[in-house]
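Scope of the values below: all heavy atoms of this structure, side chains included, with no hydrogens, waters or symmetry mates.
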Amino acid sequence: MTTLLLRRCCSPAGVFCAAVVITLLFWALLPASLNVDDGSDYSAFYGPVARNLAAGHGLLMPDGNVAGRYPPGYPLVLAGDFAVATALRLPENLVQTVVVLLCLGAATALLWSIARLAWGRWSATAVALLWAGYPFMLWLTKQPNSEIPFVAVLYAGLALAGHAARRDRDRWAGWLLFGAGLLLGCAMLIRPIAVGVGVLVAGLIVLGLPATTRRVRWGLALALLLGNLVAVAPWEGWLLAQTGSLAPLSTGGVASMRDGLTFAVNPKGYRQTIPVPLDVADLMRTIRSRATLDSVGRIAGFLAHEATVHPGTVGRLFALKAARSWYATDSGRSEGLILALQGLYLLPVAAASVALGRRGRVERQLLGAVWLLVGYFWLMTILALSVLRYMVPAMGLLFLLLPALLPTRPRHLAQATL
């Protein structure tokens, strides 16, 4: 009886319930002064656009302009929340709270499923529970932004791709990977940071299935990419028709890049002073003063020129952005405390990475797949505003490495890419 109970706890349903309970406890213990939305995206964009959608007015801002600053995924989720609240005569915040809990529980169960591709039941449960109690993920649950639904859909795509790759000789594998591509495409439509994840997973399929022929590997990878395309093509076509230009998922990429390159000299009402070297601050002021840096190409060209004239300054700027990706906040508050707490997770992750690197091919396969995905999120965070919020999905993937610190070995991964 005890064994059966433990097995049920160490299951997707068990970790789903644990994640919900942990989140509810976090909300209950969080002081009222901290239980507020410390971002502006919801009030400035997501909420108004979702209300226009729920009212049947389409993807428009309140002033009638096209809502292309962010992709439409999260406004669609919120519009569904509002519609359910209206139909059932429930408070909107109650429906939104339930959706957050469902998404978080689902993300935790899906991370368990991904971990089971490499580890035993107990290790997978430990990974999921570590994620469920990760303080910076819990922090994001208290505000109505897109991160929690994004993580749920992203992990769903990764889990389905991983399990489909194990069945690479099954006649349904291609359809499963097409479905994984659809899910990853939906993740892209919630947060554009995922724009390249489908390509990375397709590459892992091509490189990680040595037991199959090259033709089969490429066919499976193309099925996933086709799913990606089917998910995002309608939005891209609509955006092109409305704006007259083709943008990768949203029109806000340049603004995010500029903010990420000028964060220390770009005063906002909620932003504290963020110390940077004097030469880096001067470079930031130069970037901020040049209105002509209004495209990715022009920004890249300017930085390339600066790198030839002041290589140390540009190097320090990007080294700072790379480091801040793991602990920084948009407001600049509490970064020392966050860095200390992050160390409690990143140091064991580093030790686990070294341990896996010293083992055999299977272990190195797992290590490479995880760090390739994490490295992608790190690079994208460096290119945009370098804050920890964008790295939270990657932290869950890093937890997949931690069972290497225990006296256990990964399961055979020759037929899996994740």
Do [X] and [Y] have side chains that approach each other closer than 4.5 Å (heavy atoms only, starting at C-beta)?
{"X": "T108", "Y": "W112", "value": "no"}
{"X": "L30", "Y": "W139", "value": "yes"}
{"X": "W371", "Y": "L397", "value": "no"}
{"X": "P71", "Y": "I190", "value": "no"}
{"X": "T329", "Y": "L388", "value": "no"}
{"X": "Y42", "Y": "Q143", "value": "no"}
{"X": "E306", "Y": "T313", "value": "no"}
{"X": "E147", "Y": "C103", "value": "no"}

Among all residues two or more places apart in sequence or in another chain, which pass the ring-ring contact (aromatic ring centres under 6.0 Å, His included) test with W218?
-> none

Could you tell me which non-hydrogen atom of [X] sits nearest to which non-hydrogen atom of [Y], and how far apart they are?
{"X": "M380", "Y": "V195", "result": "CE-CG1, 3.9 Å"}
{"X": "A180", "Y": "L224", "result": "CB-CD1, 4.3 Å"}
{"X": "L249", "Y": "E236", "result": "N-OE2, 2.7 Å"}
{"X": "R258", "Y": "I299", "result": "CG-CD1, 3.9 Å"}
{"X": "S353", "Y": "L367", "result": "O-CD2, 3.6 Å"}
{"X": "P393", "Y": "V151", "result": "CG-CG2, 3.8 Å"}

Under 30°, 30 to 60°, or over 60°: which ring-plane class applies to Y134 and W131, parallel, tilted or perpendicular?
-> parallel

Indicate the ring-plane relationship of F178 and W175, choosing parallel, tilted or perpendicular according to the 30° and 60° boundaries.
-> perpendicular

State whether the side chain of [X] and the backbone N or O of [Y] hold a donor-acceptor pair below 3.5 Å, judged by distance alone.
{"X": "Y376", "Y": "G196", "result": "yes"}
{"X": "R116", "Y": "A124", "result": "no"}
{"X": "R316", "Y": "D279", "result": "no"}
{"X": "R217", "Y": "L207", "result": "no"}

Tell me yes or no: between the side chains of S386 and R324, is some donor less than 3.5 Å from an acceptor?
-> no

Between W378 and W326, is the gap from one ring center to the other below 6.0 Å?
-> yes

Answer with yes or no after comparing the ring centroid distance for F150 and Y74 against a 6.0 Å cut-off, counting only values under it.
-> no

Between [atom1] of [X] and [atom2] of [Y], what distance do you get to the nearest 0.5 Å?
{"X": "L154", "Y": "L110", "atom1": "CG", "atom2": "CG", "result": "10.0 Å"}
{"X": "T262", "Y": "M284", "atom1": "OG1", "atom2": "CE", "result": "7.0 Å"}
{"X": "I274", "Y": "R333", "atom1": "CD1", "atom2": "CZ", "result": "11.0 Å"}
{"X": "L200", "Y": "I205", "atom1": "CG", "atom2": "CD1", "result": "11.5 Å"}
{"X": "L130", "Y": "Y345", "atom1": "CG", "atom2": "OH", "result": "7.0 Å"}
{"X": "T286", "Y": "R288", "atom1": "OG1", "atom2": "CZ", "result": "12.0 Å"}

When L78, V84, D81 are each screened for side-chain contact (heavy atoms from CB on, under 4.5 Å) with V99, the one that passes is D81

Apply side chain to side chain contact (heavy atoms under 4.5 Å, CB included) to H163 and L176, showing your working.
-> CA-CA 9 Å; H163 286 282; L176 291 174; over 6 Å; no

List the steps, then state whether side chain to side chain contact (heavy atoms under 4.5 Å, CB included) holds for Y70 with D41.
-> CA-CA 10 Å; Y70 299 112; D41 290 344; 3.2 Å; yes

Start with the C-alpha distance between W27 and T141, add both sets of side-chain angles, then the distance that settles side chain to side chain contact (heavy atoms under 4.5 Å, CB included), and finish with yes or no.
-> CA-CA 9 Å; W27 290 346; T141 65; 3.0 Å; yes

Given the rule in the side chain to side chain contact (heavy atoms under 4.5 Å, CB included) test, do F136 and R389 qualify, once you have shown the distances and angles that lead to the verdict?
-> CA-CA 8 Å; F136 305 114; R389 182 161 65 99; over 6 Å; no

L278 CG: over 12 foreign heavy atoms closer than 6.0 Å | no

